[in-house]
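Counting starts at 1 for both ligands and their atoms, following the listed order. These numbers were taken from a predicted model, which means no experiment stands behind them.
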Amino acid sequence: MLDIQKIRSDFPILSQKVNGKPLIYFDNGATSQKPQIVIDAEVKYYQEINANIHRGVHTLSQLATDAYEISRGKVQEHINAKFAHEVLFTSGTTHGINLVTNGFASILKTGDEVIVSSLEHHSNIVPWQMLCEKTGATLKVIPINENGELIIEAFDALLSERTKVVTVNHISNALGIINPIKYIIDKAHAVGAAVLIDGAQAVPHLKPDVQDLDCDFYAFSGHKMCGPTGTGILYGKEAWLNKLPPYQGGGEMIKEVTFEKTTYADLPHKFEAGTPNIAGGIVLGTAIDYLNNVGFDNIQQYENELLAHATKRLLEIEGLKIYGTGKNKASVISFNIDGIHPYDIGSIIDKLGIAVRTGHHCAQPIMNFFCIPGTIRASFSFYNTIEEIDQMVEAVKKAQTMLS
Ligand code: C6P
């Protein structure tokens with residue numbers, strides 16, 4: 001059992017008023033709020049150990065390097081990676097995915113195929129399209145059904161010896177659908193394809209086990225899991241990271257540089273050119289500690305209660321339609337109300353202190369599938385409450401009356 005009031009007191013922003021009303025923050029899919037312990041850790045880094053890492057013999061540089069590498073170890077443990085050097089610090093999911101697509105530019109060729117799904121965020125579509133344009137490979141797309149679930153038989157039918165990469169998100173940002181990634185990974189491996197999982201929306205809700213999943217790459221953002229913005233992780237299997245060329249050239253990613261030839265550093269440094277977000281990387285470890293203290297079993301159980309309550313209450317509203325009605329869902333609800341633009345509802349409830357996201361959620365193919373311009377998306381976190389959901393429902397009803 002979670003003590004929600006105690007948890008809420010860890011997040012200073014939650015006691016704020018917005019537009020004169022107590023903040024109800026339901027835009028956790030876009031970014032999560034930060035507990036005081038994370039904010040303090042960022043300040044402490046700059047006050048006490050700020051220095052560049054992996055470069056200096058001086059004490060501060062060593063302290064900062066140690067803290068950064070301890071954080072890498074925490075991530076390794078958190079996602080159960082086999083080696084710490086399979087954990088690359090990035091600026092976020094987008095960066096991680098682009099690092100991989102850049103690497104595959106030297107591997108794919110005309111006739112090869114890349115499979116993505118209709119549920120992807122633009123971050124996991126556009127880089128693959130760019131890669132296909134560059135290499136002559138073909139992009140294939142797993143379709144979805146009316147519930148917003150991947151049509152698995154269609155995925156099976158797309159697989160062939162031409163398939164070189166399969167990539168899907170673990171959880172859809174726009175609909176909250178949880179994808180059957182274990183099945184997808186196993187099937188893709190059976191035809192010899194590599195698999196990248198976009199875990200951006202999964203890591204706030206669950207603890208991925210990359211060895212159990214057996215994925216080749218798993219990308220996620222720190223800012224969606226109580227960590228600082230500008231942080232992220234790309235997990236890659238050692239063999240793949242050794243095979244892919246570096247993403248960026250620069251300081252710290254080299255073994256030796258001459259004008260004739262440069263040799264590259266060992267993992268993970270080969271993929272970490274330049275001065276990274278040192279404070280962010282260190283503090284991401286603090287965020288992971290915080291979440292593990294709350295406990296992912298507790299988080300999942302409580303968020304499921306929030307989701308069930310919100311679904312039931314929202315469906316009381318006449319003319320309201322929920323998108324993403326599949327059985328396996330995270331605490332995200334996308335909905336529309338007959339005859340009303342999602343933006344109008346979002347704007348009115350914002351005046352009542354309620355933050356939701358409206359629009360296409362960087363997932364336009366999903367909106368096209370449902371023939372809608374966008375949805376209102378309420379994405380819940382473990383620090384939200386049933387009372388807040390009830391207030392949102394009343395606010396949506398009010399907006400509906402005003403706009404009808
Ligand atoms: N989705 C949302 O409101 P970055 O921006 O690199 O941290 O994450 C990109 C990204 C990739 N994949 C998925 C499934 C995502 O949800 C996101 C970010 C936010 O849904 C902002 S668009």
Looking at [X], which atoms of ligand 1 are within less than 4.0 Å of one of its heavy atoms?
X      : value
Cys362 : 22 (S)
Ser221 : 4 (P), 6 (O), 7 (O), 8 (O)
His223 : 7 (O)

Can you tell me the protein heavy atom closest to [atom] and the distance?
atom                    : result
atom 2 (C) of ligand 1  : Arg357 NH1, 3.0 Å
atom 6 (O) of ligand 1  : Thr94 OG1, 2.5 Å
atom 15 (C) of ligand 1 : His121 CD2, 3.4 Å
atom 14 (C) of ligand 1 : Asp198 OD2, 3.4 Å
atom 16 (O) of ligand 1 : Gln201 NE2, 2.7 Å

- Message: So, 4.0 Å and heavy atoms of Lys224: is ligand 1 close enough to count as a contact?
- Response: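 In this structure, Lys224 qualifies as a contact of ligand 1 - some heavy atom is under 4.0 Å.
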- May I ask whether His95 has any heavy atom positioned less than 4.0 angstrom from an atom of ligand 1? no
When you compare the side chain of [Y] with that of [X], does any pair of heavy atoms fall below 4.5 Å?
X      : Y      : result
Tyr323 : Ile333 : no
Ile4   : Tyr302 : yes
Asp198 : Thr93  : yes

- Going by atom types alone, do His205 and Gln300 pair a side-chain donor with an acceptor below 3.5 Å?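 No, no side-chain donor-acceptor contact under 3.5 Å.
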- Query: If you measure only the distance, is there a donor-acceptor pair under 3.5 Å linking the side chains of Tyr383 and Asp10?
  - Reply: no
- Query: Under 4.0 Å between a Lys/Arg side-chain N and an Asp/Glu carboxylate O for Asp112 and Arg162?
  - Reply: no
- Item | Residues Lys182 and Asp212 bridged, charged N to O under 4.0 Å | no
- Message: Taking 4.0 Å as the limit for heavy-atom contacts, which would you say applies to Ser123 with ligand 1: side chain only, backbone only, both, or neither?
- Response: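 Just the side chain.
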- Task: Output every pair passing salt bridge (Lys or Arg N to Asp or Glu O under 4.0 Å) with a member in residues 271-287, not counting sequence neighbours, ordered by first then second residue.
- Result: Arg72-Glu272
- Query: Looking only at non-hydrogen atoms, which of His360, His361, Arg377 approaches atom 20 (O) of ligand 1 most closely?
  - Reply: Arg377
